[in-house]
Each structure stands twice: as structure tokens, then as C-alpha cells.
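Have a look at this one.
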Amino acid sequence: MSKFPFDEDQLYDFLNELNSNIGEISLSISVDLENNIQDYAERHCSSINKDTLRFVTLCVQDSYFLALKTIEKAIKKTLLPELDSSDDDS
């Protein structure tokens, strides 16, 4: 545990805050992504089917959220490698 200059309680607080912030950041960024995708579609491919556009938007949002969760898991495994694998929610 000497890899990080905080004690275990501070690490858990950090990871809990990270988890909370990922949810908030993911939501706000997803709204921005959706707006950008819709703006781009209106400018460059206005004939695109609205269901297709929504599908693309949802895929982008899911990919972004999964990327953030992957970063979170990597941080957990780096900072607390002795965590039991049952703690993973995958």
C-alpha cells in the first residue's frame, strides 16, 4: 500500500467521490454529446432517420460512460490491488 500517500480510509473516500463525480460528469457530458451529434446531423446529414440518430447518440453516451468506469476500475486496481474481486460490479 506504499504506492499512494494516503491511508485506506482516504482511498475509499477518494474512490467514492470519484464514483459520484463519474455519474455527474457522464450526465453533463452526455447532454453535450447529444447536442453536438444532433447539430452535426442537422448540418451535414439532415435526412438521417431520427431513430438512427438516437441510436448513435445512445451508443456514444454508453461508450463514454464505460470509458469512465474503466478508468475508475483501473484506479481501484492500482490503489487497492488486494480488493476482493467480489467487490467488482461487472
Side-chain angles (χ1 to χ4, degrees):
M1 187 74 81
S2 62
K3 291 182 179 181
F4 206 70
F6 298 118
D7 65 30
E8 193 169 331
D9 288 338
Q10 289 171 314
L11 285 175
Y12 281 109
D13 289 344
F14 166 75
L15 293 171
N16 285 332
E17 189 172 331
L18 177 66
N19 185 278
S20 174
N21 286 330
I22 283 175
E24 291 175 28
I25 290 169
S26 180
L27 180 59
S28 66
I29 296 289
S30 291
V31 169
D32 290 343
L33 286 171
E34 183 173 1
N35 291 337
N36 289 336
I37 290 169
Q38 289 176 353
D39 289 346
Y40 185 86
E42 288 172 7
R43 282 194 319 264
H44 300 286
C45 48
S46 58
S47 63
I48 192 168
N49 179 294
K50 296 297 177 190
D51 288 337
T52 302
L53 183 60
R54 186 72 183 142
F55 174 74
V56 169
T57 301
L58 290 174
C59 288
V60 169
Q61 290 171 341
D62 283 350
S63 297
Y64 180 75
F65 180 73
L66 288 173
L68 290 176
K69 294 305 282 182
T70 300
I71 291 168
E72 178 190 23
K73 284 186 179 187
I75 290 171
K76 281 183 180 180
K77 287 184 187 275
T78 300
L79 298 180
L80 299 170
E82 72 280 354
L83 276 180
D84 183 19
S85 62
S86 64
D87 289 344
D88 288 344
D89 32 286
S90 51

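Along the sequence shown, residues are numbered consecutively beginning with 1.
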message: Quick test of your reading: applying salt bridge (charged side-chain N to carboxylate O under 4.0 Å, His left out), list the pairs with at least one residue in residues 39-62, sequence neighbours left out, ordered by first then second residue.
response: E34-R54
query: In Å, rounded to the nearest 0.5 Å, how long is the span from CG of L53 to OG1 of T57?
result: 4.5 Å
statement: The reported gap from CD1 in I37 to CG in D32 (rounded to nearest 0.5 angstrom) is 11.0 Å
query: Are I71 and F65 in one and the same hydrophobic cluster, where Ile, Leu, Val, Met, Phe, Trp and Tyr link if side-chain heavy atoms are under 4.5 Å apart?
result: yes
statement: Output for pair (Y12 OH, L18 CG), nearest 0.5 Å, gives 14.0 Å
message: Closer than 3.5 angstrom, by distance alone: can the side chain of T70 be matched with the main-chain N or O of L66 as a donor-acceptor pair?
response: yes
- prompt: Does any non-hydrogen side-chain atom of L68 lie less than 4.5 Å from one of Y64?
  reply: yes
task: Give, for atom CD of Q10 and atom CD of E17, the distance between the pair rounded to the nearest 0.5 Å.
output: 12.0 Å
